[in-house]
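Right, one structure below, let's go through it.
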Amino acid sequence: MPGFEVFGEEEKQQILEVLDTGILFRYEFGPQRQGVYKVKEFEEAFAKYADSSFGQAVTSGTAALKVALTALGVGAGDEVITQSFTFVATWEAILDVGAIPVFTEVDETLNMDPADLERKITDKTKAIIPVHMLGAQARIEEIMVIADKHGIPVIEDAAQAAGARLNGKHLGSFGTCGTFSFDSVKTMTTGEGGMVITDNENLWRNMSEYHDHGHDHAVNPGGRGGEGRRFVGFNYRMMELQGAMGLAQLAKLDQMIISQKANKAILKEAASAIPGVSFRTILDEKGDSATFFAFILESKERAAAVNQVLREYGVGAINFGENTWHFYPQWEHLTAGSTLADNGWPFAENGKRRVIYDPEALPQSADIMSRTLVYQVPIKMGDEQKEKMVSALHNAAAS
Ligand SMILES: *Cc1c(COP(=O)(O)O)cnc(C)c1O
């Protein structure tokens, strides 16, 4: 990661095709566009690639979550369950529709622990958002069994998992819908952008109209045409330049993953020499996008000591237990209920806190995250970088 490592002539060609028409908007401008509809083409290509019937492109992965939650009818007072290890965007979207985020433990998949999910479901639970963090699988099959038993829709946050699969089926295609991000650091990138995939045509139509100010897409599904409207919407439209980038990047995605896999294997081999090391549980190695490499030590102290050696060699790993953007106890603005709204919304209503978040509430996650070290896996790893990382890991093993 990320996809900008492989920008080339293909991206330029796609962008030029858009500029040659002069039309940057995804809808309308009939004859002027000379048949060029890049966002629409990207939606269709991505949905097909990801084993789904419909794709809805949006402005970001965060917008994708918001559009999906809205289309599923989630609103104020509802609870939405997600996991303790994710990017803040997942619960920002939940708060933004007025719902209350509820967090589960993660297990050694570094994703949602299904046993804890079962415990956190209440009669207010309106959706479940497992996240396929670091490009590899959550226990989505087990999660779907639990969700189906309770009749609760599942949105898979696959923002970090484009190109990843479980037993041959693309992540994001197991749930009611799946969301993706194409921001600047994701495996395939359009600079900014996102996508929702689903097999549910009615859900897709609602997402399509909601993300376009409620414009009626009735006579032209996925596009404009009618002049009615069924509900209030917002603007989360992707523009043609992003659609063009998406088409070029999607065509390279499988090759990016092959390179990442080769580079990840080198790092894993080198890290295997570290006494007591274990690895993150990957449910299906073949389907791993290999965007990240995560290894686990026996204790927090041991992980810190190993990372100290890696830092001395200039290749310190990420400890997400300390990272302020991806792990529950580090979200002080969530636990403090910090908001710009004078009345305290979404953390408070009628002068009263709606929910209190205890930073100590998820000890299993805290234990695992404190012992886990993570490297981003580059698509292109030069000999010099390779040697530097491998020798640092060997030195950590010998220390
Ligand atoms: C990147 C990311 C998002 C948000 O995507 P943006 O396109 O940056 O808004 C959501 N969830 C996860 C897990 C992410 O990594």
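Both counts, for ligands and for their atoms, begin at 1 and track the order of listing. Throughout, residue positions are numbered sequentially from 1 according to the sequence presented. As the structure is a computational prediction, the values presented were derived from the model and not from experiment.
In this structure, His217 and His211 have perpendicular ring planes: the angle between them is above 60°, well past the 30° mark. Ring pair Phe87/Trp325 is tilted by interplanar angle, where 30° to 60° counts as tilted.
In terms of hydrophobic clustering, with Ile, Leu, Val, Met, Phe, Trp and Tyr side chains grouped at heavy-atom distances under 4.5 Å, Tyr375 and Val377 are assigned to a common cluster.
Applying the 4.0 Å criterion to heavy atoms of Phe87 picks out, from ligand 1, the atoms 2 (C), 3 (C), 12 (C), 14 (C), 15 (O). Distances below 4.0 Å separate heavy atoms of Lys186 from the following atoms of ligand 1: 1 (C), 2 (C), 14 (C), 15 (O). Residue contact check: Thr86 has heavy atoms under 4.0 Å from atoms 13 (C) of ligand 1. Close approach of ligand 1 to Ala89 (heavy-atom distance below 4.0 Å) involves ligand atoms 3 (C), 4 (C), 10 (C).
Side-chain contact between Leu250 and Met188 is present, with at least one heavy-atom pair separated by less than 4.5 Å.
Residue contacts with ligand 1, taken as heavy atom pairs separated by less than 4.0 Å, involve Ser60 via backbone and side-chain atoms alike. Both the backbone and the side chain of Thr62 come within contact range of ligand 1, each with a heavy atom under 4.0 Å.
With Lys38 as the partner, the side chain to side chain donor-acceptor pair (under 3.5 Å) test is satisfied by one option alone out of Gln242, Glu17, Glu43: Glu17.
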Residues Lys66, Val58; criterion side-chain contact (heavy atoms from CB on, under 4.5 Å); working and verdict:
CA-CA 10 Å; Lys66 168 94 186 282; Val58 290; over 6 Å; no
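Remark: minimum distance from atom 11 (N) of ligand 1 to any protein heavy atom is reached at Asp157 OD2, 2.8 Å. Looking at atom 8 (O) of ligand 1, its nearest protein heavy atom turns out to be Asp183 OD2, 2.6 Å.
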